[in-house]
Amino acid sequence: MSKSFRPDVDAPEWKGGHSPYDIIKEGTIALVVVGLLTIILATLFGSPDDHEITLKNWANATPVDFATTAINEMNGTTTTAGYGAPYNTASDGQKLGPLTLAKWAGVRIPVNTERDFVIRPLESLPYNAQLSSALTTWKSASSSQRTTWVNNYTKADAKLAYTNGQVVSTATDAGPVPVFINDLTNMARSGALDTALVSGGNFFSTDYTKPLLFLSDGSYLADLAQKQHLLGSQWGMMNETNSYPGQAWLWLYTFWYQVSPFSTSANADVQVWATMMLLSVIMFLVPVIPGLRALPRKLKVYRLIWREHYRK
Amino acid sequence: MSTDIDHQWTTRLRRKVAGKLPPEKLLPDTQPSYVSSWIYVFGVTTMSALAVVIGTGFLLSLRGPQWWHESSVGHFVNSLHLWSVEIFFFAMVVHLWGKFFMGAWRGGRTATWMTGVVTFLASIATAFTGYASQSNFDSQWITTQAKDGINSTGAGAFFNVLNLGQMLMWHIVLLPLAAVILTALHVLLVRIKGVVPPYADKAGEAL
C-alpha cells in the first residue's frame, strides 16, 4: 500500500478486465431514444405561448391603474423611478454588506421616467392644440412649479376615474398634468405608446427595456402573473404559465427567496445571487476542498452504483 | 537527430495530440468492466439531448423568431425545443449527481469535473436567455423579475435582460457556442483520462 495514496484525490489502478464497448452504437441509440422521447413529449404536452401583454391591453383593461402609474412615473414613486443603477441615480440600489455593486457599474441604461415614459411619447403625437399648449407650459415652468403641479395631481389620484374616454381627476392647480395623464392614457389605449416606447425615434428596434419597465411599474402585469402562480413568493422565477415544468433547474435559486432572511430582506436579490455564486464556486472546487471531496467516499452511494463490481 | 520538420508547430501539435488522445482512446471499443451501471447512461443522454436541442434550435432559426407564434408547425418545433431542453437538464443533473457520488475527480480528473460544472452553469445561462427570448407573456414576466437579480450584481449594466435583441443573440450565438465548446472539452477530457475506477476497499490497493 502506498503511504502517499489519497483516497479522495487518487484513483486506484485498474487491473481487472475489459468489456466490449461500441461507443458509436451507444451514441446512436441514445440519440434516437432521446429524439423519440422529445417527439412524444412535444406531441402530448406542446409548449406554452400566452400572448404578450401590451401597454394597450393594460390601459384598456385598467385605465385608472395605467393613469395612476403614469402620474407615479412623474412624481418619482414607481419602482423604475426610484431604482438606481443601471437606470438612474435615484438610489444606491441593493447592497451586499457595504458593497453597492450596481452603483459601481453605473447608469448604463439611462431612464428618466418622467421624460421617457410621459413627456417624450406625448411629444411624438400628432399636433393637438391643447396638448401642444400643455407641453409648452410645462417646458417653460420652473422645476419647483412642475413638482407642485405633479404633487397636486398626485394628492387626488385615489379618486381618479376613467369616464367617457377621459381620465377624470378632482385635482386642482395641477397645471398641464391632467392633460398629460389623459392624453398619455388614451395614447396607450390606441397602441401608439407601445410603438413610441420601443422605437425611441428609430425605425428598427429590438430593445424593449422601456415598455417593459413601464409595464412592470403598474399592477396589471403582476396581477396576471399571480393568477398564473408566477410571483416570486410563488416560486415564480422557475415556473412557466399553465402547468409546464419551466426552469426547474433554478429550484435552489428560487428556494432562497422563500426563506428568511432573504424573504424579508430589502437586499434579497444581491444576497441570493451572492449565495448562488458562492455555492457555484464551491461546486466547481469540490475536487480540491478537503472534507467535501471525501463525502462521496463516506456516504458510500458509490457501492450502489458499482454494486456489480463490489459483488465480485 | 531531429529535423526541421520535427520543430514545426504543426508536427509538434499533432504528436502531442496523438500522444494524449490516440484513436483507441478517442473511439474506444472496450471499457473497464466496472463501467456497468445505469448511471452511465445519463452522460450520453445529456449529449444526445444537446444534439436535439441544437437541431430544433436550427429549425426554429430558419423562419425567424416570430414563426413559432404564427404557425402550428413552428409551435410544434418550439415544443420539441422545449422538451429536449427539459430532457437535457434532467439527464445532466442526474449525471452530475452520479459523478459526485463516484468521486469522479479522482485520479487526475479534476479538470473533467470542473469543465462539467462550468458547462452546467453555461447551460443554465443559455436556457435562461431562451426563456427571455420567447417574446410572449412568459418572457415579459421572467425578464422583468430577473432584471432585479442581475442588476443587483452590477452585471445588468452590461447584460440587459429586457433587451430582446441582446438576449436572442446571446441565446442563439454566444452561449450555445460556449456550451458546445465546453462540452467538447469535457468529453475529450473523459476520453483522455478514462472513466474513474471504483473506490478501493483499502486505500491504495489496485482493483
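Letters go in sequence order (proteins before strands), and every chain restarts at 1. Side-chain atoms are counted along with the backbone in the values below, which use heavy atoms only and exclude waters and symmetry mates.
A/Ile39 touches chain B through backbone and side chain together, each having a heavy atom under 4.5 Å away. Contacts of A/Ile109 with chain B are made by side-chain atoms alone, with heavy-atom separations under 4.5 Å and no backbone atom involved. In this structure, chain A has no heavy atom under 4.5 Å from any part of B/Val93. Neither the backbone nor the side chain of A/Ala248 comes within less than 4.5 Å of any heavy atom of chain B. Heavy atoms of A/Leu224 lying under 4.5 Å from chain B belong to its backbone as well as its side chain. A/Val272 does not touch chain B: none of its heavy atoms, backbone or side chain, sits under 4.5 Å away. Residue contact with chain B, scored on non-hydrogen atoms closer than 4.5 Å, involves the backbone and the side chain of A/Asp50 alike. Both the backbone and the side chain of A/Thr43 come within less than 4.5 Å of a heavy atom of chain B. B/Leu121 touches chain A through its side chain: at least one heavy atom from C-beta onward sits under 4.5 Å away, while N, CA, C and O do not. Residue contact with chain A, scored on non-hydrogen atoms closer than 4.5 Å, involves the side chain of B/Tyr40 exclusively. Heavy atoms closer than 4.5 Å to chain B are found in the side chain of A/Trp306, but not in its backbone. In this structure, no portion of B/His81 lies under 4.5 Å from any heavy atom of chain A. When heavy atoms are compared at a cutoff of 4.5 Å, A/Glu240 approaches chain B by way of both its backbone and its side chain. Proximity to chain A is absent for every atom of B/Phe88, based on heavy atoms less than 4.5 angstrom apart.
Chain B forms the most heavy-atom pairs under 4.5 Å with one residue out of A/Leu99, A/Asp10, A/Ile53, A/Val32, and that residue is A/Ile53. Counting heavy-atom pairs closer than 4.5 Å to chain B, the top residue among A/Asp207, A/Val33, A/Val270, A/Val34 is A/Asp207. Chosen from B/Val118, B/Ile39, B/Asn78, B/Thr45, the residue pairing most often with chain A at heavy-atom distances under 4.5 Å is B/Asn78. Ranked by non-hydrogen atom pairs under 4.5 Å with chain B, the options A/Arg297, A/Gln94, A/Lys300 are led by A/Arg297. Interface remark: of the candidates B/Asp148, B/Asn160, B/Leu82, B/Leu164, B/Asp148 forms the most heavy-atom pairs closer than 4.5 Å to chain A. Counting heavy-atom pairs closer than 4.5 Å to chain A, the top residue among B/Asn151, B/Val35, B/Val41, B/Thr143 is B/Asn151. Of the listed residues (A/Leu215, A/Thr38, A/Leu31, A/Leu221), the one with the most heavy-atom contacts under 4.5 Å to chain B is A/Thr38. Chosen from A/Tyr208, A/Trp273, A/Trp249, A/Tyr83, the residue pairing most often with chain B at heavy-atom distances under 4.5 Å is A/Trp249. The choice from B/Val85, B/Thr144, B/Asp29 that makes the most heavy-atom pairs within less than 4.5 Å of chain A is B/Asp29. Per-residue heavy-atom pair counts under 4.5 Å with chain B were compared for A/Gly246, A/Pro48, A/Gly93, A/Ser216, and the maximum is reached by A/Gly246. Note: B/Thr153 leads B/Thr110, B/Thr56, B/Thr153 in heavy-atom pairs under 4.5 Å with chain A. Counting heavy-atom pairs under 4.5 Å between each of B/Ser84, B/Ala127, B/Pro28, B/Gly194 and chain A puts B/Pro28 at the top.
A 4.5 Å side-chain heavy-atom check between A/Met283 and B/Leu96 finds at least one atom pair inside the cut-off. Inter-residue side-chain proximity for A/Leu37 and B/Ile87 is flagged as met; some heavy-atom pair is nearer than 4.5 Å. Side-chain contact check for B/Lys147 versus A/Tyr87: some heavy-atom pair is nearer than 4.5 Å. You'll find the side chain of A/Leu230 stays beyond 4.5 Å of the side chain of B/Gln145, heavy atoms only. Residues A/Leu285 and B/Trp113 are not in side-chain contact: their nearest non-hydrogen atoms beyond the backbone lie 4.5 Å or more apart. B/Arg106 is not listed as a side-chain neighbour of A/Asp8, based on a closest heavy-atom distance of 4.5 Å or more.
Of the possible donor and acceptor atoms, none in the side chain of B/Glu86 sits under 3.5 Å from a partner among the backbone N and O of A/Pro245. Counting only distance, with no hydrogens or angles, the side chain of A/His51 and the backbone of B/Asn136 share no donor-acceptor pair below 3.5 Å. Checked by atom type and distance alone, the side chain of B/Trp105 never pairs as donor or acceptor with a backbone atom of A/Val288 at under 3.5 Å.
Other residues, nucleotides and ligands place more than 12 heavy atoms under 6.0 Å from the NZ atom of B/Lys25. Crowding of A/Met276 atom CE: a count of heavy atoms from other residues, nucleotides or ligands under 6.0 Å exceeding 12. For B/Arg63, the CZ atom is loosely surrounded, since the number of other residues' heavy atoms within 6.0 Å does not exceed 12. Annotation for A/Trp104: atom CH2 counts as buried by contact number, over 12 foreign heavy atoms lying within 6.0 Å.
When all heavy atoms of B/Ser152 and A/Leu101 are compared, the closest pair comes out as O-CB, 3.7 Å. Minimum heavy-atom separation, B/Pro198 to A/Pro12: O-CG, 3.2 Å. Nearest heavy-atom pair, B/Phe137 versus A/Ala225, reported as atom, atom and distance to 0.1 Å: CZ-N, 3.8 Å. Between B/Asn163 and A/Thr209, the shortest heavy-atom contact is N-OG1, 4.1 Å. For A/Ala11 against B/Arg109, the heavy-atom pair with the smallest separation is CB-NH1, 4.0 Å. Residue B/Ser135 comes nearest to A/Glu52 through the heavy atom pair O-OE1, 4.1 Å, listed as atom of the first residue, atom of the second, then distance.
For residues 46-54 of chain B, heavy-atom neighbours of chain A at less than 4.5 Å comprise B/Ser48, B/Ala49, B/Ala51, B/Val52, sorted by residue number.
Side-chain polar atoms of A/Ser47 and B/His75 form a donor-acceptor pair below 3.5 angstrom. Under the 3.5 Å distance criterion, with hydrogens and angles disregarded, no donor-acceptor pair is assigned to the side chains of B/Asp201 and A/Tyr310.
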Donor-acceptor pairs under 3.5 Å, side chain of residues 16-23 of chain A to any protein atom, not counting sequence neighbours: which ones?
residue: A/Tyr21; atom: OH; partner: A/Glu26; partner atom: OE1; Å: 3.0
residue: A/Asp22; atom: OD1; partner: A/Ile24; partner atom: N; Å: 3.4
residue: A/Asp22; atom: OD1; partner: A/Lys25; partner atom: N; Å: 3.2

What pairs of donor and acceptor atoms, side-chain ones from residues 170-179 of chain B against any protein atom, are under 3.5 angstrom apart with sequence neighbours left out?
residue: B/His171; atom: ND1; partner: B/Thr126; partner atom: O; Å: 2.7
residue: B/His171; atom: ND1; partner: B/Thr129; partner atom: OG1; Å: 3.3
residue: B/His171; atom: ND1; partner: B/Gly130; partner atom: N; Å: 3.1

(request) Let me see the working for A/Tyr302 and B/Tyr199 under ring pair (Phe, Tyr, Trp, His ring centres under 6.0 Å), right down to the final yes or no. (result) CA-CA 8 Å; A/Tyr302 68 83; B/Tyr199 286 92; 4.5 Å; yes
(request) Go through A/Lys210 and B/Leu162 one step at a time and tell me if the side chain to side chain contact (heavy atoms under 4.5 Å, CB included) criterion holds. (result) CA-CA 8 Å; A/Lys210 287 174 183 170; B/Leu162 303 180; over 6 Å; no
(request) For A/Tyr244 and B/Asp138, run side chain to side chain donor-acceptor pair (under 3.5 Å): C-alpha distance rounded to whole Å, both residues' side-chain angles, the deciding distance at 0.1 Å, then the answer. (result) CA-CA 11 Å; A/Tyr244 288 91; B/Asp138 267 321; over 6 Å; no
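Annotation: ring-ring contact (aromatic ring centres under 6.0 Å, His included) contacts of A/Phe45 (sequence neighbours excluded): B/Trp83.
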